[in-house]
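Notes follow the structure.
The model shown is predicted, which means the values in this text are computed figures rather than measured ones. Proteins get letters first, then strands, A, B, ... in listed order; numbering begins at 1 in each.
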Amino acid sequence: MVSHQLMLRAGLIRRLAAGIYTWTTLGLRTLRKVEAIIREEMDRAGALEVLMPAVQPAELWQESGRWDQYGPELLRLKDRHQRDFVIGPTHEEVITDLARRELKSYRQLPANFYQIQVKFRDEIRPRFGVMRGREFIMKDAYSFHATPESLQEGYDAMRAAYIRMFERMGLEFRPVKADTGSIGGTASEEFQVLADSGEDAIAVSDGPDQYAANLELAPTLPTTAPRAAPSAPLAKVATPGQRTIADVAAFLGVPASRTLKLLMVEGDQGGVVALLVRGDHELNAIKAQKLPGVASPLRMAAREAVLEATGCEPGYLGPLGLSCPVYADHAALALADFVCGANEVDMHLSGVNWGRDLPEPAPADLRNVVEGDPSPGGDGRLVIRRGIEVGHIFQLGRKYSEAMQASVLDESGKPVTMYMGCYGIGVTRIVAAAIEQNHDAAGICWPEPLAPFAVVLVPLNAAKAPRVAEAAERLYAELTAAGIETLLDDRDARPGVKFADAELIGIPHRIVVSERGLDAGRLEYRNRRATANEDWPADEVVTRLRALVAAGAAR
RNA sequence: CGGGAUGUAGCUCAGCCUGGUAGAGCACUACGUUCGGGACGUAGGAGUCGGAGGUUCAAAUCCUCUCAUCCCGACCA
């Protein structure tokens with residue numbers, strides 16, 4: 001992960017323990033810039049800032065049910081009286097408790113509370129530095145509404161605020177439709193910063209419909225073209241030792257897209273369920289576990305269960321003669337004259353056709369979309385990109401307010417359970433994501449709104465040339481007085497060292513002060529993203545920088 | 001949690017197989033030279049060899065346990 005290496009090399013962070021980092025001055029300054037933009041936009045959107053405790057009593061989590069639902073990711077601890085506490089991985093419980101105590105009337109709604117706070121999630125395997133750390137800073141906001149319509153309005157307002165924030169930060173991002181996961185709720189969108197190194201795959205339409213969704217959520221459309229008529233006879237062929245789709249396809253000389261893959265998963269009442277996808281397609285676990293009869297979360301069936309249901313080892317499974325429930329992906333149902341397992345070791349079937357050789361199973365959307373699939377938005381083709389999730393907004397509905405009895409009195413004096421929205425931003429992760437998107441071979445190239453300093457002053461050979469040191473100090477004082485955040489590299493180091501470090505830490509504007517320049521009444525300017533220097537009249541430096549910095553901040 | 005690997009100077013690592021004086025490069029300190037793209041010379045400081053126990057005359061090296069870290073996987077608002 002490039003961003004992590006650069007953050008360490010540039011001295012933005014230092015590791016203390018696995019997934020736990022100290023933010024040093026340079027990194028902290030950028031972190032504060034991110035926070036400031038978030039704070040301004042949240043305030044502008046009418047949200048109220050609060051600060052909730054990191055340590056929370058277990059009772060609230062027992063009330064919501066998440067004390068039992070959450071696994072080892074929830075860091076639990078006991079105080080000296082042996083009472084249970086958690087270090088908050090999120091704050092739905094605490095905010096809902098606050099809301100039910102403070103909000104009594106529909107006339108107080110809608111309300112939106114947010115905080116910028118440290119969270120802790122005991123990740124199984126922390127990695128990529130602050131991108132997936134255990135301790136991290138998050139902005140989390142929670143809105144409360146009397147009606148679903150009001151929730152929708154609040155959600156839309158947050159969505160707009162998020163777009164403003166990420167644009168102000170100079171990030172290339174996409175809002176994408178998302179799965180609500182274990183947090184529950186209905187509508188949900190993620191904000192993904194586009195980066196090849198991102199952990200999430202997202203499907204984006206190349207057409208005018210603007211469709212974008214997390215890969216795990218993007219639906220495939222049923223094939224509209226009529227299926228080809230059977231032309232080959234059903235035949236059993238020996239395929240000794242050919243267990244995988246790739247092996248079988250190569251062995252029989254057919255493309256993987258003409259084969260059928262059978263995946264046996266556990267049923268929700270025990271037993272197994274057969275899922276069929278085209279050989280070259282991937283099963284989508286999120287979609288599969290939502291099917292009636294399929295266990296959630298999705299679990300692959302054990303070898304013994306497969307043997308019991310089919311009398312055959314995995315590797316040669318096929319849909320003919322199965323007695324368990326069967327679902328087939330739309331694309332699998334579009335096949336004709338295809339190859340599949342014969343439910344007999346070392347044997348496959350070829351020339352198989354739905355209807356003629358076996359009954360058609362229940363159709364379903366089972367697979368991940370692939371590049372080139374038609375966009376669910378209706379006007380375009382899907383392209384697969386990778387992204388870093390930096391924000392996620394949810395319409396939670398009444399999941400927590402119901403469990404924790406958070407209600408207000410409506411106009412007729414009757415209690416109504418509040419509707420909730422929740423809106424998260426990974427603050428620390430944004431810093432890493434920004435670097436992931438803005439770097440070159442020499443180091444970080446900060447977007448100006450996030451740069452720890454706007455200007456770096458590099459005096460050359462100042463130790464031996466007092467007038468260089470004096471000129472640099474004077475310029476530093478002038479720039480600082482002009483409100484420009486300036487870093488003065490007054491180290492007694494060689495020029496190459498200073499240039500390399502200035503580039504590594506990614507300060508947008510650089511001014512070199514040298515004897516040569518002073519003699520000519522000129523100073524040298526260079527933008528971090530430029531490859532050549534500019535020669536500036538010394539007396540115009542402050543004015544010019546002020547204009548450049550103002551332009552950078554106004555984006 | 002499953003699989004794999006690594007813990008020796010601030011950092012990166014060699015030494016371990018075959019037990020016997022703890023090393024290199026970078027970094028650091030002092031002095032001198034140098035000074036527009038990661039300088040050079042001389043001198044110097046620096047290590048409970050992750051921890052505990054064991055074998056042995058003798059353990060960084062062999063054995064046992066333990067802790068930590070990293071990689072792959074499962075996991076993941």
Go ahead and name the base partner of [N]; Watson-Crick or wobble counts if both distances stay under 3.5 Å, otherwise write none.
| N | answer |
| --- | --- |
| B:rG36 | none |
| B:rC70 | B:rG4 |
| B:rC76 | none |
| B:rC13 | B:rG23 |
| B:rG53 | B:rC63 |
| B:rG44 | B:rC28 |

[N] to [M] separation - [atom1] atoms, rounded to the nearest Å:
| N | M | atom1 | result |
| --- | --- | --- | --- |
| B:rG15 | B:rC62 | P | 12 Å |
| B:rA60 | B:rC17 | P | 12 Å |
| B:rG47 | B:rC11 | C1' | 13 Å |
| B:rA58 | B:rA5 | C1' | 31 Å |
| B:rU12 | B:rC31 | P | 30 Å |
| B:rA27 | B:rC40 | P | 9 Å |
| B:rU61 | B:rG53 | P | 14 Å |
| B:rG54 | B:rA59 | C1' | 11 Å |

Cation-pi check, A:R66 to A:Y400: give yes when NZ or CZ is under 6.0 Å from the six-membered ring centre and within 45° of the ring axis, no otherwise. no
Heavy atoms only, 4.0 Å cut-off, all strands: where does [X] land among base, sugar-phosphate and nothing?
| X | result |
| --- | --- |
| A:A500 | base |
| A:R510 | base |
| A:D492 | nothing |
| A:E503 | base |
| A:R526 | base |
| A:K498 | nothing |

Ignoring hydrogens and geometry beyond distance, is the side chain of A:D501 in donor-acceptor contact with the base of B:rG38 at under 3.5 Å?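 Indeed, a donor on one side and an acceptor on the other fall under 3.5 Å apart.
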Please determine whether any donor N or O and acceptor N or O are separated by less than 3.5 Å between the side chain of A:R125 and the base of B:rC75.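 Such a pair does not exist between side chain and base.
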Nearest-angstrom distance from the residue atom [atom1] of [X] to [atom2] of [N]:
| X | N | atom1 | atom2 | value |
| --- | --- | --- | --- | --- |
| A:E199 | B:rA74 | CD | P | 12 Å |
| A:R127 | B:rC75 | CZ | P | 11 Å |
| A:Q5 | B:rC70 | CD | P | 15 Å |
| A:D440 | B:rG37 | CG | C1' | 14 Å |
| A:I511 | B:rG36 | CD1 | P | 19 Å |
| A:I430 | B:rA77 | CD1 | P | 19 Å |
| A:R491 | B:rG36 | CZ | P | 16 Å |
| A:F499 | B:rG38 | CZ | C1' | 12 Å |

Under 3.5 Å, which donor-acceptor pairs link side chains of residues 151-162 of chain A to any protein atom two or more places apart or in another chain?
from   : atom 1 : to     : atom 2 : distance (Å)
A:Q152 : OE1    : A:Q395 : NE2    : 2.9
A:Q152 : NE2    : A:D156 : OD1    : 3.0
A:Y155 : OH     : A:E189 : N      : 3.3
A:Y155 : OH     : A:E189 : OE1    : 2.8
A:R159 : NE     : A:E189 : OE1    : 3.1
A:R159 : NE     : A:E189 : OE2    : 2.9
A:R159 : NH2    : A:E189 : OE2    : 3.1
A:Y162 : OH     : A:K139 : NZ     : 2.8
A:Y162 : OH     : A:Y423 : O      : 3.2
A:Y162 : OH     : A:G424 : N      : 3.2
A:Y162 : OH     : A:G424 : O      : 3.1

What I'd like to find out is whether the side chain of A:R367 reaches to under 4.5 Å of the side chain of A:K287, using heavy atoms alone.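 Answer no - side chains too far apart.
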Where the side chain of A:F394 is defined as all heavy atoms beyond and including C-beta, which of B:rA77, B:rG36, B:rC70 is the nearest nucleotide? B:rA77
Looking only at side-chain N and O atoms, does A:S188 offer a donor or acceptor that is under 3.5 Å from a partner on A:H392?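 Result is yes, a qualifying pair exists.
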Decide whether A:E216 and A:N284 meet the rule of one side-chain donor and one side-chain acceptor closer than 3.5 Å. no
Indicate the ring-plane relationship of A:F191 and A:F173, choosing parallel, tilted or perpendicular according to the 30° and 60° boundaries. tilted
Once rounded to the nearest 0.5 Å, what's the spacing between atom CG of A:L8 and atom OG of A:S3?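 If I round to the nearest 0.5 Å, the distance is 9.5 Å.
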On RNA chain B, does the nearest nucleotide to A:H392 precede the nearest nucleotide to A:F128 from the 5' side, or the other way round? Give the residue. A:F128
